[in-house]
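This one's a predicted model, so the numbers in the text were calculated from it and none came from an experiment.
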Amino acid sequence: MDVIRNGYPKDYKGYLINTSFLNAFDIIDCLDDPDFTEIEKQGQAVKMLYGNGYPDDINTALDGLSWFLNCGEKQTKSDASEIPYYDFVKDGGRLASAFYRFYQIDITKQDLHWFDFCDKMSDFGECAFTNVIDVRKKDLNDNNLTPEMKSVYLKLKERYSLDDFDDSETQMSDEENEKIKAFLEIVKG
């Protein structure tokens, strides 16, 4: 795929697709919905991607769906089993802020091609979004972490967890927040 010469694709094997990053969000939500069977999820996702003009061959349609969600790349087994470190809804404010900070794009008002959205997202520098991902990825079994650092990272992991939680039970005290801020300043150098 020659993005520089041809731009981002608007079709898959001649079938027009809805390339909006918001449509990709909806497809991902659909595929993760526990209330539907796998067949229902796939059927709805195919309709969301192609509209009414989807391939007759379901394998081609599903290949196109995988191709789209993986930005034109072939999905590997390690990609499929990778733990998610961000959520488009829970991290939405941080994502919107990062897009505006790095690209002056207000994604709450401007649509982007899904591939363009992912390309730009993969090029974020240090920001709230990438800092939270770093916290989520932090290995607490790292021998270089002091007990105090482990404690702080544990609290940060709980705070920024992607698991659903009851907000009233996980609120940190002002003192804990200040300790975390001080620790992050030390880590940043």
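The closest side-chain heavy-atom distance from Leu16 to Tyr50 is not below 4.5 Å. Counting heavy atoms from C-beta outward, Phe99 and Gln110 have side chains that stay 4.5 Å or more apart. With contacts defined as side-chain heavy-atom distances shorter than 4.5 Å, the pair Ser97/Phe129 does not qualify. Between Leu31 and Leu69 the shortest side-chain heavy-atom distance falls below 4.5 Å. In this structure the side chain of Phe102 never reaches within 4.5 angstrom of the side chain of Asp123, judged on heavy atoms. The side-chain heavy atoms of Arg136 and Tyr160, taken from C-beta on, include a pair separated by under 4.5 Å.
Side chain of Asn131 to backbone of Glu126: no donor-acceptor contact under 3.5 angstrom is found. Between the side chain of Trp114 and the backbone N or O of Asn23, no donor-acceptor pair lies under 3.5 Å.
Surrounding OH of Tyr103 are more than 12 heavy atoms belonging to other residues, nucleotides or ligands, all under 6.0 Å away. For Asp56, the CG atom is loosely surrounded, since the number of other residues' heavy atoms within 6.0 Å does not exceed 12. For Tyr85, the OH atom is densely surrounded, since the number of other residues' heavy atoms within 6.0 Å is greater than 12.
Atom-to-atom distance recorded for Leu112:CG and Leu22:CG is 8.5 Å, nearest 0.5 angstrom. To the nearest 0.5 Å, atom OH of residue Tyr153 and atom NZ of residue Lys137 are 13.0 Å apart. Between the CG atom in Asn52 and the NZ atom in Lys47 there is a gap of 8.5 Å [rounded to 0.5 Å]. Distance check, rounded to the nearest 0.5 Å: CD1 of Ile27 to CD of Gln44 gives 9.5 Å. Rounded to the nearest 0.5 Å, atoms CD1 (Ile28) and CZ (Phe21) are 11.5 Å apart. Atom CG of Leu95 sits about 8.5 Å away from atom SG of Cys127, to the nearest 0.5 Å.
Using a 4.5 Å cut-off between side-chain heavy atoms of Ile, Leu, Val, Met, Phe, Trp and Tyr, with links allowed through other members, Ile83 and Tyr86 fall into the same hydrophobic cluster. Linking Ile, Leu, Val, Met, Phe, Trp and Tyr residues whenever their side-chain heavy atoms come within less than 4.5 Å leaves Phe36 and Leu62 in two separate clusters. Both Val132 and Leu140 are assigned to one and the same hydrophobic cluster, defined by single-linkage of ILVMFWY side chains at heavy-atom distances under 4.5 Å.
Here the options are Phe25, Phe124, Tyr8, the test is ring pair (Phe, Tyr, Trp, His ring centres under 6.0 Å), and the partner is Phe117; only Phe25 passes.
Closest of all the heavy-atom pairs between Pro84 and Leu162 is O-CD1, 3.5 Å. Looking at every heavy atom in both residues, Cys71 comes nearest to Phe115 through CA-CE1, 3.2 Å. Closest approach of Ala45 to Leu65, counting heavy atoms only: CB-CD2, 3.7 Å. Between Met1 and Pro9, the shortest heavy-atom distance links the atoms SD-CD, 3.6 Å.
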Exercise. Show your working on salt bridge (Lys or Arg N to Asp or Glu O under 4.0 Å) between Asp91 and Arg94 and close with a plain yes or no.
Key: CA-CA 5 Å; Asp91 294 318; Arg94 285 183 282 275; 2.7 Å; yes
Self-check item: Verdict with supporting geometry, Ile17 and Phe68, side-chain contact (heavy atoms from CB on, under 4.5 Å)
Solution: CA-CA 9 Å; Ile17 56 175; Phe68 175 71; 4.0 Å; yes
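Pairs engaging residues 27-40 under the side chain to side chain donor-acceptor pair (under 3.5 Å) rule: Thr37-Glu40, Glu38-Lys41 [sequence neighbours left out]. Pairs passing the side chain to side chain donor-acceptor pair (under 3.5 Å) check and including a residue from residues 57-66, sequence neighbours excluded, read Asp57-Thr60, Ser66-Asn70. Among residues at least two apart or in separate chains, side chain to side chain donor-acceptor pair (under 3.5 Å) pairs with a member in residues 10-21 are Ser20-Asp111.
Taking 4.0 Å as the cut-off between side-chain N and carboxylate O, Asp106 and Lys109 count as a salt-bridged pair. Look at Lys90 and Asp87 and you find no salt bridge, because none of the NZ, NE, NH1 or NH2 atoms lies under 4.0 Å from a carboxylate O. Ion pairing of Lys120 with Asp116 is present here, as a side-chain N (NZ or NE/NH1/NH2) and a carboxylate O approach within less than 4.0 Å.
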